[in-house]
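Read the numbers this way: they start at 1 and go in the same order the structure lists the ligands and their atoms. Along the sequence shown, the residues carry numbers beginning at 1.
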Amino acid sequence: NNMKYNFELLHKKALEGGGKEKIQKQHDLGKLTARERVDCLLDRNSFDEIDKFVVHNSSNFGLQKRKVLGDGVVTGFGKVNGRNIAVFSQDFTVFGGSLGYMHAQKICKIMDCALKSGVPVIGLNDSGGARIQEGVESLGGYAEIFLRNTLCSGVIPQISIILGPCAGGAVYSPAITDFTILVDGISYMFVTGPAVLKEVTHEQIDFEGLGGSRVHAEKSGVASFRVSSEQEAFELVRKLIEYIPQNNTQEPPFIPTTDIPERADKFLDSFIPGDPSKPYDMYIVLQTVFDKDSLLEVHQDYAKNILTCFGRLNGRSCGIVAQQPKYLAGCLDIDSSVKAARFVRFCDAFNIPVITFVDVPGFLPGVNQEHGGIIKHGAKLLYAYCEATIPKITIITRKAYGGAYDVMSSKHIRGDVNLAWPTAEIAVMGPEGAVNIIFKNLVRDKNSKMVKKLVQDYREKFSNPYIAAEKGYVDDIIKPSETRLRLIKALDFLKDKRDSNPPRKHGNIPL
Ligand code: HXC
């Protein structure tokens with residue numbers, strides 16, 4: 001028998017990856033190996049590996065003498081919570097997980113199969129980037145993955161977990177996927193690393209400071225989620241997947257709840273502060289309205305003036321967009337617009353209804369905002385809501401001022417059910433600002449009795465939901481404690497909603 005092609009030996013060898021020493025090094029860094037990660041992520045014994053015997057075909061720089069079965073990435077199919085999943089897991093113990101041509105072909109193969117079968121793809125990234133010895137072939141390999149990420153976008157969910165370095169052009173695969181999870185202390189993402197920065201821009205910064213989990217969760221918004229361990233990342237995927245369907249032709253899963261639809265929490269009826277300038281915590285509103293313990297916040301640490309969460313109403317998955325008056329008074333700015341726009345588009349692509357809670361004093365004023373392009377970034381959110389055809393339900397809890405009123409899933413842009421609490425103020429702007437403009441010539445002393453009276457008059461006339469309700473711009477004014485039941489009924493009514501946009505190649509969202 002030819003030892004070279006011995007069944008048992010080859011299988012055993014394939015499972016060894018880069019060998020004992022390299023595995024030890026990986027463990028010493030507090031990291032799991034590629035196969036251990038797949039085991040932790042997937043349901044027990046559900047993994048069927050493919051392409052275990054693939055090796056590279058390069059002979060540059062002595063590579064022909066260094067062939068490792070699997071070529072530095074573990075790929076295959078398995079289950080998460082009983083649902084089919086395609087997975088790849090880069091093996092840092094083999095050439096630093098670097099991506100050569102065959103390594104890329106393995107990833108492309110599972111992506112092609114996942115796309116045809118309507119199955120989500122989960123990528124575990126841990127790689128030194130383009131395999132330097134293979135040169136341009138590895139660049140080609142990357143591009144073939146980027147193409148597939150793009151073609152899969154909006155058809156099957158794609159989740160990236162970063163579990164090591166992810167540098168250079170390699171960052172663009174996770175960037176195109178729907179969700180990117182970073183782990184404290186082991187995940188790094190940047191286009192150009194600290195060494196290059198030192199040379200080119202003379203900036204001194206370490207891996208963590210340039211592209212660690214915290215930076216991407218709080219500053220760049222590249223991380224949809226930041227977690228503190230690999231185990232937590234896998235746990236999160238198991239949770240996240242429960243809100244999301246297998247593909248764009250399916251509905252998200254239904255998760256039965258013991259939380260009754262009629263549950264009405266009376267404290268909500270007096271929750272909104274009487275003083276319109278006083279903040280409150282919108283997250284408490286969401287926690288109260290949605291099924292018990294059903295919220296999962298996305299981009300928690302980024303643009304905190306808007307909340308984007310998944311949640312459930314009577315077992316049905318929803319996307320939630322809500323202003324957070326605790327931060328920047330809940331105004332819309334560049335970051336919050338982009339954050340919410342991407343979330344709304346994800347939900348729309350995957351048949352997840354969007355519930356919008358509005359308390360927005362307007363767009364954030366400022367030179368930085370204007371020069372930073374709030375016009376085009378704010379337009380993204382407007383565009384995302386306008387084009388979305390999933391069920392759209394809106395609750396105005398307090399302020400809905402100016403252009404931000406229009407943007408936040410208003411009736412005029414195909415909001416299906418638009419409700420307001422009695423505390424809602426729907427107007428072009430706040431009463432003080434309005435009086436300053438309309439009575440410009442009269443207002444000398446802002447604290448004068450006359451001005452106070454004018455402000456009071458304006459507030460009484462416009463800062464309420466009744467004028468909007470007279471025109472049918474809000475469908476009803478409801479007691480806050482009724483919100484849960486009303487949302488559940490509205491979702492039920494809308495469950496077979498069909499709407500579409502004019503036929504076209506694609507729209508031109510203001511990027
Ligand atoms: C080939 C690589 C490699 C690479 C690492 N290795 N990166 N081999 N191509 N890109 C190998 C190392 O030679 C080493 O092999 C093993 O992997 C482990 O690497 P170490 O350096 O020992 O590990 P560590 O100290 O943990 O450092 C990890 C690292 C570093 C930070 C990732 O290896 C590194 O800086 N690598 C180069 C990164 C890089 O410049 N990549 C190209 C970027 S350009 P041995 O045999 O000693 O075990 C790019 C463009 C993508 O990616 C373009 C897409 C369009």
Side-chain angles (χ1 to χ4, degrees), residues 16-34 37 54-74 88-108 111 123-150 160-177 180 182-183 185-200 205-213 215 222 230:
E16 277 168 8
K20 283 207 177 73
E21 217 172 283
K22 290 269 187 303
I23 290 174
Q24 190 56 47
K25 198 175 162 198
Q26 180 84 347
H27 284 160
D28 289 346
L29 288 170
K31 292 160 66 172
L32 298 172
T33 66
R37 286 167 174 167
V54 163
V55 285
H56 69 71
N57 49 17
S58 173
S59 50
N60 300 330
F61 302 99
L63 268 190
Q64 71 277 11
K65 290 194 213 105
R66 298 181 62 200
K67 297 203 179 201
V68 181
L69 295 182
D71 204 37
V73 62
V74 177
F88 70 84
S89 177
Q90 291 180 311
D91 187 347
F92 196 82
T93 68
V94 180
F95 306 122
S98 62
L99 184 136
Y101 183 75
M102 291 309 289
H103 176 126
Q105 292 314 304
K106 285 182 65 173
I107 296 175
C108 290
M111 291 181 81
L124 312 183
N125 296 262
D126 186 2
S127 166
R131 189 172 298 155
I132 293 162
Q133 299 90 326
E134 291 199 33
V136 71
E137 282 197 76
S138 91
L139 299 186
Y142 268 118
E144 290 188 30
I145 296 170
F146 302 155
L147 173 70
R148 282 162 180 79
N149 286 135
T150 306
S160 302
I161 315 181
I162 312 301
L163 298 166
C166 182
V171 298
Y172 288 112
S173 172
I176 300 174
T177 63
T180 302
L182 268 68
V183 181
I186 63 172
S187 312
Y188 306 104
M189 295 179 82
F190 35 72
V191 172
T192 37
V196 177
L197 290 197
K198 199 171 162 197
E199 294 270 316
V200 178
I205 193 158
D206 60 11
F207 276 40
E208 189 71 45
L210 184 62
S213 58
V215 166
V222 167
E230 298 195 25

Q) What's the shortest distance from atom 27 (O) of ligand 1 to any protein heavy atom, and which residue and atom give it? A) F92 CZ, 4.5 Å
Q: Run through R131, H103, Q64 and flag the one making a side-chain contact (heavy atoms from CB on, under 4.5 Å) with H56.
A: R131
(Q) Less than 4.0 Å from atom 47 (O) of ligand 1, is there any heavy atom belonging to the protein? (A) no
Q. Protein heavy atoms: any of them under 4.0 Å from atom 15 (O) of ligand 1?
A. no
Q | Nearest protein heavy atom with distance in Å, relative to atom 3 (C) of ligand 1 | A | S98 CB, 3.9 Å
Q. Can you tell which part of A130 has a heavy atom less than 4.0 Å from ligand 1: side chain, backbone, both or neither?
A. both
Q.
Checking contacts now, so for atom 34 (C) of ligand 1, which I'm interested in, is there any protein heavy atom under 4.0 Å?
A. no
Q.
Below 4.0 Å from ligand 1: does a non-hydrogen atom of Y172 turn up there or not?
A. no
Q. Heavy-atom distance from atom 25 (O) of ligand 1 to the protein below 4.0 Å?
A. no
**Q.** Flag side-chain contact, heavy atom, 4.5 Å: E134 against L63
**A.** yes
Q) Looking at ligand 1, does R66 have a heavy atom less than 4.0 Å from it? A) yes
Q. Can you list the ligand 1 atoms lying under 4.0 Å from a non-hydrogen atom of G129?
A. 52 (O)
Q. Taking atom CG of L163 and atom CD of E230, what is their separation to the nearest 0.5 Å?
A. 5.0 Å
Q. Do S127 side-chain atoms and G97 backbone N/O form a donor-acceptor pair below 3.5 Å?
A. yes
(Q) Test side-chain contact (heavy atoms from CB on, under 4.5 Å) on I145 and C108; report intermediate values, then the result. (A) CA-CA 6 Å; I145 296 170; C108 290; 3.9 Å; yes
(Q) Within ligand 1, which atoms have a heavy atom of K25 less than 4.0 Å away? (A) 22 (O)
Q) Does atom 11 (C) of ligand 1 have a protein non-hydrogen atom under 4.0 Å from it? A) yes
Q) Can you tell which of A170, G19, G128 gets a heavy atom nearest to atom 7 (N) of ligand 1? A) G128
(Q) My understanding is that only one of K20, H27, K25 makes a side-chain contact (heavy atoms from CB on, under 4.5 Å) with I23; could you say which? (A) H27
Q) Distance below 4.0 Å between atom 52 (O) of ligand 1 and any protein heavy atom? A) yes
Q) Are there protein heavy-atom neighbours of atom 29 (C) of ligand 1 below 4.0 Å? A) no
Q | Approximate separation, where rounding is to 0.5 Å, of F92 CZ and D126 CG | A | 6.0 Å
**Q.** Per-atom contacts, ligand 1 versus G169 - under 4.0 Å to a heavy atom
**A.** 50 (C), 51 (C), 53 (C), 54 (C), 55 (C)
Q. F207 to ligand 1: N or O pair under 3.5 Å?
A. no
Q. Less than 4.5 Å apart, any side-chain heavy atom of L69 and any of E16?
A. no
Q. What atoms of ligand 1 come closer than 4.0 angstrom to any heavy atom of L139?
A. 53 (C)
Q. Taking C-beta and beyond as the side chain, do E144 and Y101 meet within less than 4.5 Å on heavy atoms?
A. yes
Q: Report the C-alpha separation of Q90 and L99 in whole Å, then their side-chain angles, then the decisive distance to 0.1 Å, and conclude whether the side-chain contact (heavy atoms from CB on, under 4.5 Å) test is met.
A: CA-CA 9 Å; Q90 291 180 311; L99 184 136; 4.2 Å; yes
**Q.** Closest protein heavy atom (residue, atom, distance) for atom 54 (C) of ligand 1
**A.** Y142 CD1, 3.3 Å
**Q.** ligand 1 N/O within reach of I132 N/O, cut-off under 3.5 Å
**A.** yes
Q: May I ask you to test the Y188-L210 pair for a side-chain heavy-atom distance under 4.5 Å?
A: no
Q: Could you list which atoms of ligand 1 come closer than 4.0 Å to a heavy atom of R131?
A: 1 (C), 9 (N)
Q. Does some non-hydrogen atom of the protein lie less than 4.0 angstrom from atom 39 (C) of ligand 1?
A. yes
(Q) So, 4.0 Å and heavy atoms of E21: is ligand 1 close enough to count as a contact? (A) no
Q | Nearest neighbour of atom 1 (C) of ligand 1 from the list E134, K22, Q133, on a heavy-atom basis | A | Q133
Q) Should you measure from each heavy atom of A167, which atoms of ligand 1 turn up under 4.0 Å away? A) 52 (O)
Q. Do other residues, nucleotides or ligands put more than 12 heavy atoms under 6.0 Å from K198 NZ?
A. no
Q. Passes salt bridge (charged side-chain N to carboxylate O under 4.0 Å, His left out), D71 versus K106? Steps please.
A. CA-CA 9 Å; D71 204 37; K106 285 182 65 173; over 6 Å; no
Q) Got more than 12 heavy atoms from elsewhere within 6.0 Å of CZ, F146? A) yes
Q: Flag the pair S98 / I132 as yes when at least one side-chain heavy-atom distance between them is below 4.5 Å, and no otherwise.
A: no
Q) Among protein heavy atoms, which sits nearest to atom 2 (C) of ligand 1, and what does the distance come to when rounded to 0.1 Å? A) F95 O, 3.6 Å
